[in-house]
Amino acid sequence: MIAFIVRRLIQAVVVLVVVAFIAFLLFQYVGDPVVFLLGQDASPQQIRELRSALGLDQPFFVQFWHFLGNAAQGEFGLSLRQGAKVSRLIAERFPATFELAVVAALLALLLGVPLGVYTALRRGTAASQGVMTLSLLGVSLPPFLIGILLILVFSVTLGWAPSFGRGETVQVGWWSTGLLTLDGWHHLVLPAITLAAFQLALILRLVRAEMLEVLRTDYIKFARARGLPDRAVHFGHALKNTLVPVMTVIGLQLGQLIAFSIITETVFQWPGMGLLFIQAVTFADIPMMAAYLCLIALIFVVINLVVDLLYFAVDPRLRVATAGGH
Amino acid sequence: MKAVLSRWFDGDVGYSFRTSPVAMLAAAIAFVCIFCAAFAELVAPHDPFDLVTLELGHARLKPSLEAHAMPNPQDAPRHYYLGTDDQGRDILSTIMYGARISLVVGLVSVLLSMLIGVGLGLLAGFRGGWIDGFLMRLCDVMLSFPPILVALLIAGVGRALFPNAHTSVAFGVLILAITLTGWVQYARTVRGSTLVERHKEYVQAARVTGVAPLRIMLRHVLPNVTGPVMVLATVQVATAIITEATLSFLGVGVPPTSPSLGTLIQVGNNYLFSGEWWITVFPAVMLILIVLSVNLLGDWLRDALNPKLR
Amino acid sequence: MTVVAGSPHPSPLPQAGEGAKLASAPPLVQAHDLAKTFDVSVPWLNRVLERRPRQLLHAVDGVGFEIARGQTLALVGESGCGKSTVARLLVGLYEPTRGGFTFDGQDAHAAFRTPEGRKLRRRIQMIFQDPYASLNPRWRVEDIVAEPLKEHGLIAGAADRRTRVGELLASVGLSPQDMVRYPHQFSGGQRQRISIARALATHPEFLVCDEPTSALDVSVQAQVLNIMKDLQRQRGLTYLFISHNLAVVRHVSDQVGVMYLGRIVELAGKHQLFGQPQHPYTRMLLDAIPKMHETGRARTAVQGEVPNPLNPPGGCTFNPRCPHANERCRVERPALLEIRGVRVACHAVEEGRI
Amino acid sequence: MTLLQVQDLVVEFPTRRGTLRALDRISFEIAPGEILGVVGESGAGKSLTGAAIIGLLEPPGRIASGQVVLEGERIDDLPPAHLRHIRGRKIGAIFQDPLTSLNPLYTIGRQLVETIQAHLPVDNAEARRRAVSLLEDTGIPAAAERIDHFPHQFSGGMRQRVVIALALAAEPRLIVADEPTTALDVSIQAQIIQLLKRLCRDRGAAVMLITHDMGVIAETCDRVAVMYAGRIAEIGPVHEVIHQPAHPYTLGLMASIPDMEGERERLNQIDGAMPRLNAIPPGCAYHPRCPRAFGRCDRQRPELLHAGATQAACWLHDANAELAA
Amino acid sequence: QTVRIANQGDALSMDPHSLNESLQLSVDGNVYEPLVGRNKDLSLAPILATSWKQTSPTVWRFELRKNVQFHDGKPFTADDVLFSFARTQAEGSDMKSYTNDIKEVRKVNDHAIEIETKSPFPILPDVISLVYIMSKKWCEENQATRPVDRRKGIENAASFRANGTGPYRLRERQPNVRTTFVRNGAYWGKIDGNAQEVIFTPIGNDATRVAALLSGEVDVMEPVPVQDIDRVNGSPNAKVMVGPELRTIFLGMDQSRNELLYSSVKGKNPFKDKRVRQAFYQAIDIDGIQKTVMRGASKPTGLMVGPGINGFDANLNKRLPYDPEGAKKLLADAGYPGGFEVTMNCPNDRYVNDARICQAVAANLARIGVKINLAAETKGTYFPKILRRDTSFYMLGWTPGTYDAHNALNALMACPDDKGTGQFNLGSYCSQKLDQLTRQIQSETDKAKRSAMIQEAFKVHSDDIGHLPLHQQSLAWGVAKKVDMVQLADNFMPFKWITVKK
Ligand SMILES: Nc1ncnc2c1ncn2[C@@H]1O[C@H](COP(=O)(O)OP(=O)(O)OP(=O)(O)O)[C@@H](O)[C@H]1O
Ligand SMILES: Nc1ncnc2c1ncn2[C@@H]1O[C@H](COP(=O)(O)OP(=O)(O)OP(=O)(O)O)[C@@H](O)[C@H]1O
Ligand SMILES: [Mg+2]
Ligand SMILES: [Mg+2]
């Protein structure tokens, strides 16, 4: 198992390098930072100078190599647009995104899983049909529309929740948290719902589908025959057997939440990484994008590693399969 | 052909279709949507993609049953049942034409990513070892890129290769971009289930029979891991349609003169506060209908394909 | 027709009536020193934290036998002694940890790995112990039984194949109309029959039967056993037959191997074995057979504790339960020796103590 | 006083091509401390009877009519919440398929402890102690160690014993044992049988033992029911049913048992196959295969009739009618 | 009184020399001040310089204001001015273009300086109105003597902190989240407004920004999307201040290549033909666009600069009439009776309703038979593309940074060379006459003569139909009814003119 983890860590490094490589490839197509760096009155001479000063005129592989060298030392340079350390900017923004993503994920999980179980158990009843249909709204309404509608209803019309920003935050070390203030939670509600809507629907539907399969198995029947309480049968035995696919998807979705909450963050002006990233894209802020993509890659690598380890934790059959070597 | 159809209709799947009102309703909705999209030229009252007929003066009209006089007296007055958008396009017609774009992009890209993802996921889960490792790390890499960036990359390359083919390449770019970022979910999900499934005895029985691994994967394991795939796929259709809108906005998709459903919603979104709700609401309803029917059909098909649920 | 051993081409099916065994012909199936070890350790982290050692389970530990063409070798023994594992080794589902087996003169495990292995697969089939798990829950019976036919291209037309599947089903006492149903719609015994029909579909030469009739009622069991015997007579089929039902074993087998904790302790012709069992375990086993005609009477079960396969006793693994065990039995592992015309692994028998 | 009474039980599967009647008016009863053997052709409906008794028919299967009465209380129409207290506690069930009956994700210990605690107010340590002793009772070697293993790490026979241990965990009054010893070698089989018998003797528990092994039936049961095509063909004391079967089917069944003495090239078999559920012939279901069928057998369905010490559903034993030649 | 202001974007840095972007300069302008600033009508105002005069064609003398203190209490002197001008020329500065024409800045005494330009430079005071003065001492103490240099990867204290002479001081800065300013109690001048504290927040999303204003979470926001102007005006507690903006939106055509890159016409360039350009011009229904797309929030224009720019002449600001029929004829005359196909590039997140304007133009052109393939994209990819001149037909907006017509002539209309002239003349319109005039305007110091030359140059351009001017978009600020403020046409928002009613 330790060999497994070590192997995965080595692979993770490869993944990061590949991501960085592709990221660099991409930058030729997302725009030219120099155009945005210099004002409209800059002379061609200035543009040429800046280009060479930034090393943008060097061959692709030289640029990439420089980037790797610096990145290996945890140095991603300055944001071209903001003129501040990329690492610091990301560190500043990470807590906001992370808190939003985690709250949204919890919301999606805590509602999605039980509702999924419920709709699977009460297949065909009006209530579960209703839940299923509602969940379709979650997957078919684009998040920007959900966000705007929420704002329209709850901020503008009712005035219950603020429409933008993170509210009051408290600094805990380098981490700024909005979870310790009432105002912070107040600001969190709408974005979290917006972000969770899709995940919630997906998890709900997935759990339901898997539950329906598992509920038909012999061991569930046998568990019932032993007179186990329904809760134990449904949540202990059935739910756990749905976990392999559900975990995979949840893992992926959590990654997606952290990585690509761009739209929600834009709508609610949530000062997170997604907002940072979309700005970086609009202004072709290469160091920022590179660092961001590497961070996302890292998040996914970690999440996927955890999911794979959880596979083992959840399903002993897989454990033996890998340990015994096939 | 007829025989095949009738066999299918008499078969289990056909039977469960005939006895499921939900499935029939969903199919009816899907049929109407697809029909309107495919034959928009015939069904739609106007051709919103034909710029000549657009009347800027008719922009943002409310939905109504009354006809509007054209500014040029020689033209016939027009009906805008669902109102018009900011360019004077008839929403009803635009929905039909736009649905064509959205459906093609949504369905094709989901199908493609499903094919790729399920294929690679099966391979990874079934073969294990370095193939598994490699494919899953590939997933890690792909996951790190938002579709937006991938689309920009592909569009860049595409334009470099075919500098003069903007609109025709656009579709390809969209589909490719959504596919490339979409297959990962399927791959990882299928792989997870395959890991469990490949140790079951029926797989071993097939091995003993001498069935080639590829066939075992496709014929034995695949049907037993499709459950989550169906859920994902049906849900992803909507996501793909919305992603298409975002990409089009960034300039790598279809031009704004031929808006897709997603684009309409996105454009209309700007008019929510100013009270022109119909620009966004009707396309959104259409999108919901499409997604609803796809999901209901998907749910039904999943149950219908599962012999134990019959 | 004579089958030339080691012929590079797989021999065609022997025609009806020609399955008579040739004393001089080398055996069709030869297993030598087969062993399979499973790693059943707890997860690495727990092992480290709880300081538990790595645990290896020697499910099969040096099993050797041969079966001549047209013969039946039965394996009996306590459950968990490794019979199914042997069966799985023979059909190539497990890679042996040690040893190997030759089929018709060629190294089967090497062959399984090559494309040629597919041909071999057709000639070796298996009936699984657990009928339900071995049937794909999403397939109709028709497809399940037809799969080997399709896979080996035995019957081309779909209609012909259906007919053949119908015949196969009928031959195990199912109705051809059952073709359209799915495994979960059958009773346990019916599933077992489906699995038998599938195994018979390719006309295999060697059939590994892991408790093929245990889920069948006696009348269907009689039908199935009769079919198996008929096939053997007509086509010279070779069987490895695993069963707990000694009456059935006695009926079908030519040779019987008695396994105990991963090893063969006695290997003899059926008449010797049932007539004069040598190994103390065999004797106990035979005593434990329920007697049909003495209703309500308890039989004598094998005495003593069933040993732990993870931590088998030293020397002869049977020694803790053996009435004849002495010091040697506790330290020295007996080899399988030819004694009094049978092969038996027992110091007591070797020394003539019993 | 009977423990379990099954009356005119009918189980049906509605399918798209008509309704299948898998159990057709089954009636029998079991007294406390009694072991009732159930034998019959595979597919005859033995497992379904067991499943119907504990209320775990798989949909779309359903009890169409008849009733199941346990200790004077009707249980076939109880709501699920009530049933739960009966299952495991009053009726223990052992299913036919050991490999799939165990949850692959939990250690057998956890499944045992959970079951014990669902019914008995004991703490973890006590539950675990009981679990180990249950496993020992069923003859699992090194039970204390193997309790923490997962189902897939056991051989088929051992899994079967685990399933038995689970069914016995809460000391039920009635045990529905569906082929509990099929996967076991004779010596373990003997242990299990002894265990079941001991339960009956010591605690007055009753057992409904479904099996194909006539040796086991002979050794264990007090009475036997023989089923055929969803109906009871014959029911009576074990000795009589085995040695003087009254129903031609039972007769054929007994004849096809391979025995330890004689040497036969072929076993006796009953030719033909049991009818499919959708094509059960009118009258006696067995008549197409019956060597002694006569006039009314293909028209009128025989009810259970007294035939010596046993009861058989066969017109041969109709005292009121003349035997046809 | 606290005023909460929301804007589309954020000032990216507090360093006034790091980026030449109007939002950043506008925000920083509350903390830092130039020598010469602007009044409410954009006329020049003495700020840190009390007066200035041209002592020779190339030398200007500025008298500096006395008794001015930086926020940290240090006095403001000529050294700070010298330092700041030097700083704008340092590595990493984006403000170089404003001081490029300066040869030397000399200290006369503590409160007077002289600026010598490389050549006669009549509009120097206009040009330096965005050069903010920093404290030399403070910059030295904080290692901020140069603007942050992205190339070196070194951060800079001046990005996050500020020490100016302005009416507001920086209290707290969270980039892209919130920046808080408080009134400078020791300000040298009078502050008209009464805002004690200003909280500045970026809100990128249009709808969210509107929502924030409507729900009262902000008091001022900018810009209001044109379609929401009515809604805001209709709300009980907010209104929209609409005013002209300096930026002119126009379309450009590739007039230099012999074959267009993206067109169905092969072998020749239709845009080289004035008739085609005129046909395009007259096909555009600018009033329809103004009414429908811009909802009235724009001012159609016939010139490439708007009112408020030095050199603008209302008499010249006449458009050719909208005339689709005539346009069709012109096209036919030019040899395209059936029209042709051309790709139009357009941004979709840069100017007010940019992509929608393009769509409307495309629809207009469709009426005369020209098929437009509209490629609208985000500014991130759009600008690099058109700046490569990889376009046949494009949209651009321009505000002359110097508030002077010469800037527009030189950047947009003069023949491109590799020294920066005509850098944004992306269709390479070329006119000898105009080029010559532009060079003369550059150094002509006589006001009247200069104006005449500018007008002549504009006339040349209009007659050639070098570009297709569309309109000046309007400023639209959403303001709570309790707030009074001054709207400047250059879209700067000085806090000192904000008053909150009780
Ligand atoms: N879901 C189902 N749909 C249709 N028929 C079914 C279904 N489940 C079981 N049956 C039928 O019901 C009959 C009785 O099945 P049951 O499992 O009770 O047999 P059994 O007597 O236990 O046989 P065995 O000894 O082989 O286990 C069988 O003929 C079977 O085909
Ligand atoms: N995949 C596996 N992983 C770990 N241990 C295994 C595995 N398969 C079998 N074993 C162990 O190997 C031993 C032999 O198992 P096997 O299935 O061969 O027994 P068997 O003789 O067939 O028993 P039965 O008659 O009960 O089926 C058992 O102790 C079992 O627990
Ligand atoms: Mg076995
Ligand atoms: Mg059964």
Side-chain angles (χ1 to χ4, degrees), chain A residues 7 11-12 14-15 18-19 22-23 25-26 28-30 132-133 136-137 139-145 148-149 152 156 198 201-202 205-206 209-210 212-213 216 244-249 251-252 255-256 259-260 262-263 281 289 293-294 296-297 300-301 304 307-308 311 315 317-318 321 326, chain B residues 128-129 133 136-141 143-146 148-150 152-157 184-185 188-193 195-196 198-199 225 227-228 230-232 234-235 238-239 241-242 245-246 250 262 265-266 269 272-273 280 284 287-288 290-292 295-296 299 302-303 306 308-309:
Chain A
R7 201 167 61 235
Q11 291 172 350
V14 179
V15 166
V18 174
V19 166
I22 299 180
L25 265 182
L26 277 174
Q28 311 184 13
Y29 301 105
V30 292
M132 291 299 290
T133 315
L136 282 180
L137 287 187
V139 297
S140 54
L141 283 184
F144 54 82
L145 189 58
I148 295 294
L149 287 177
L152 194 58
V156 177
F198 177 81
L202 182 61
R205 301 185 76 81
L206 196 68
E210 286 297 298
L212 283 180
E213 303 248 316
R216 292 284 173 148
V244 166
V246 171
M247 254 169 18
T248 316
V249 171
L252 291 179
Q256 306 258 9
F260 312 134
I262 297 173
I263 292 175
V281 172
M289 280 192 285
L293 288 177
C294 287
I296 295 305
F300 272 112
V301 165
N304 286 345
V307 167
D308 281 354
Y311 279 175
D315 197 329
R317 289 170 292 184
L318 300 175
H326 248 283
Chain B
M136 288 306 109
R137 296 303 75 72
L138 187 66
C139 288
D140 287 347
V141 170
L143 280 172
S144 318
F145 290 93
I148 300 173
L149 274 186
V150 175
L152 288 175
L153 171 70
I154 297 168
V157 175
V184 181
Q185 300 228 2
R188 282 203 56 95
T189 315
V190 167
R191 167 188 176 256
S193 312
L195 282 181
V196 175
R198 74 162 176 189
H199 293 292
V225 298
M230 297 281 269
V231 177
L232 268 180
T234 49
V235 164
T239 318
I241 291 177
I242 295 161
T246 316
L250 289 175
I265 298 176
Q266 201 163 36
N269 204 18
L272 269 180
F273 280 5
T280 200
L287 179 59
I288 292 174
I290 292 177
V291 173
L292 184 80
N295 274 276
L296 290 181
D299 284 356
R302 199 185 56 239
D303 289 359
N306 186 349
K308 291 200 200 169
L309 293 183

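Letters go in sequence order (proteins before strands), and every chain restarts at 1.
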Discussion item. I want to check something: taking the side chain as every heavy atom from C-beta on, are B/I288 and A/L141 in contact at a cut-off of under 4.5 Å?
Written reply: yes

Fill in: Spacing of CZ belonging to A/R205 relative to CG belonging to B/N295, to within rounding of 0.5 Å
4.0 Å

Item to complete: Please look at A/V307 and chain B and tell me whether the side chain, the backbone, both or neither of the residue comes under 4.5 angstrom of a heavy atom of that chain.
Response: side chain

Worksheet entry | Most chain A-contacting option - heavy-atom pairs closer than 4.5 Å, from B/V184, B/V190, B/T189 | B/T189

Worksheet item: Of the backbone (N, CA, C, O) and the side chain (C-beta and beyond), which part of B/T280 lies under 4.5 Å from a heavy atom of chain A, both, or neither?
Response: side chain

Discussion item. Just so I know, are the side chains of B/L272 and A/L149 near enough to count as touching, which here means a heavy-atom distance under 4.5 Å?
Written reply: yes

Fill in: Choice from B/R191, B/R188, B/M230, B/Q185 maximising heavy atom contacts with chain A below 4.5 Å
B/R188

Practice prompt. Counting only heavy atoms closer than 4.5 Å, note whether A/M247 contacts chain B via side chain, backbone, both or neither.
Written response: neither

Practice prompt. Determine, step by step, whether A/L202 and B/L232 satisfy the side-chain contact (heavy atoms from CB on, under 4.5 Å) criterion, reporting the C-alpha distance in whole Å, the side-chain angles of both residues, the deciding distance to 0.1 Å, and the verdict.
Written response: CA-CA 7 Å; A/L202 182 61; B/L232 268 180; 4.0 Å; yes

Item to complete: Apply the test side-chain contact (heavy atoms from CB on, under 4.5 Å) to residues B/L138 and A/V18: give CA-CA distance (whole Å), side-chain angles for both, the deciding distance (0.1 Å), then the verdict.
Response: CA-CA 9 Å; B/L138 187 66; A/V18 174; over 6 Å; no

Discussion item. Looking at every heavy atom in both A/V139 and B/A238, which two are closest together, and how far apart are they?
Written reply: O-CB, 3.1 Å

